[in-house]
Amino acid sequence: MMRSDHQKLKSAIDDSLPIINLSSSPLERSEVARLIVKACEEYGFFKVINHGVPNHIIAKMEEVSFNFFNKPVTEKQQATSFGYGCKNIGFNGDFGEVEYLLFPTKTLSIAQAQTSNPISIDDDPTKFRSVVSSYIEAVRELACKILDLIAEGLWVHDKSAFSKLIRDVESDSLFRLNHYPPVLCSSKNKNSINGSSSNSCKVGIGVHSDPQILTILRSNDVSGLEISPNHGVWIPVSPDPTAFFVNVGDLLQVMTNGKFVSVKHRVLSNSAKSRMSVAYFGAPSLNARVTTLPEMVTPTKPCLYRPFTWAEYKKTVYSLRLEDSRLERYRK
Ligand SMILES: C=C1C[C@]23C[C@@]1(O)CC[C@H]2[C@@]12CC[C@H](O)[C@@](C)(C(=O)O1)[C@H]2[C@@H]3C(=O)O
Ligand SMILES: O=C(O)CCC(=O)C(=O)O
Ligand SMILES: [Fe+2]
């Protein structure tokens, strides 16, 4: 075996993935900030423990998600205008063994204002709305906490340079529930996916990076998520329902001038169990101008990307397929 193969195998172990403990005392704040920056540079991905999101909020979210996906297909399809999708991902021919509910977080506040138009997702739509609203509020706070620590760790002058973008009332953040039903792996499919773990083989969601600033992800106790911090290496992420997982998105790559890399990831379906995940994609408002922070540009590290609005970038994202590289188009 060549030395590089050894190194690849050694690095493809989940144990090596960074874990950030947010319970640390204020004295250790700068150390936590430093570790988060390191994780974003090396992996664009990390796990957060002692995150402070109350258990009852997480448990209720899991319950409404489970109830929704357990409904008959015909009932779920009635939620298509509200973002229900099955197997089709995006608009350009991507498919996966997944069903999902995907909507802008703003939708809930609009629905709240128009009580005559409740969201018919749950038998009790008011319950669905209030459970999801509380969950979104809690994970947005977690995202802001992490983004403020990133700003500190990067010695950025404006400590809320990142978090203010997703705190904006016009923020275009998204919320997504995913359900990957068990898919039996035929011997023909077995090991068809390079480096996948043995009890999974079909693609739930194909290789992609998240286009927004930061993603806060949580799942049940079923595996499937894999990340690829280096080209050709796939690391399965052990599921941990008590934790949150954080992905660096494309916009954070641009704002940090490529110091952070938006992590490539995919989900493989499990042959025995259903995986359920919940993702919050923190994004700026559509008209926000995304630029590289001046602190990230030096004479030896000139600015890599031209400025653009999130609306412009989102249009590009939706014109392309999951795996397509979009940031290349915004290079100077
Ligand atoms: C094929 C696509 C689905 C996606 C939009 C896109 O055209 C390319 C990016 C995809 C992605 C990946 C991360 C998130 O799950 C998502 C909601 C996003 O913002 O970009 C999805 C989009 C989607 O499923 O609509
Ligand atoms: O289900 C997961 O763990 C990841 C989902 C994901 O990558 C996405 O929804 O963009
Ligand atoms: Fe993703």
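Read the numbers this way: they start at 1 and go in the same order the structure lists the ligands and their atoms. Keep in mind the model is a prediction, meaning the values are calculated, not measured.
Below 4.0 Å from some heavy atom of Ile89 lie the following atoms of ligand 1, by number and element: 1 (C), 3 (C), 24 (O). For ligand 1, the atoms closer than 4.0 angstrom to any heavy atom of Asp94 are 1 (C). Close contacts of ligand 1 with Phe281, meaning ligand atoms under 4.0 Å from a residue heavy atom, involve 14 (C), 15 (O). For ligand 1, the atoms closer than 4.0 angstrom to any heavy atom of Leu102 are 17 (C), 23 (C), 24 (O), 25 (O).
In this structure, Tyr135 has its ring center no closer than 6.0 Å to that of Tyr280.
Donor-acceptor pairing under 3.5 Å is recorded for the side chains of Ser160 and Asp158.
The residue among Asp210, Thr316, Val317, Asn88 with a heavy atom at the shortest distance from atom 6 (C) of ligand 1 is Val317. In this comparison of Gly206, Gly90, Ser319, the heavy atom closest to atom 3 (C) of ligand 1 sits on Gly90.
Between Arg167 and Glu141 there is a salt bridge, since a side-chain N of the basic residue sits under 4.0 Å from a carboxylate O of the acidic one. At a threshold of 4.0 Å, the pair Asp94-Arg321 counts as salt-bridged, since one of the basic side-chain nitrogens sits closer than that to a carboxylate oxygen.
Under 4.0 angstrom from ligand 2, there are no non-hydrogen atoms of Thr215.
Protein heavy atom closest to atom 10 (C) of ligand 1, with residue, atom name and distance, is Leu322 CD2, 3.7 Å.
The shell of residues lying under 4.0 angstrom from ligand 2, judged by heavy atoms, includes Tyr180. In this structure, Gln212 is part of the shell of residues with a heavy atom less than 4.0 angstrom from ligand 1.
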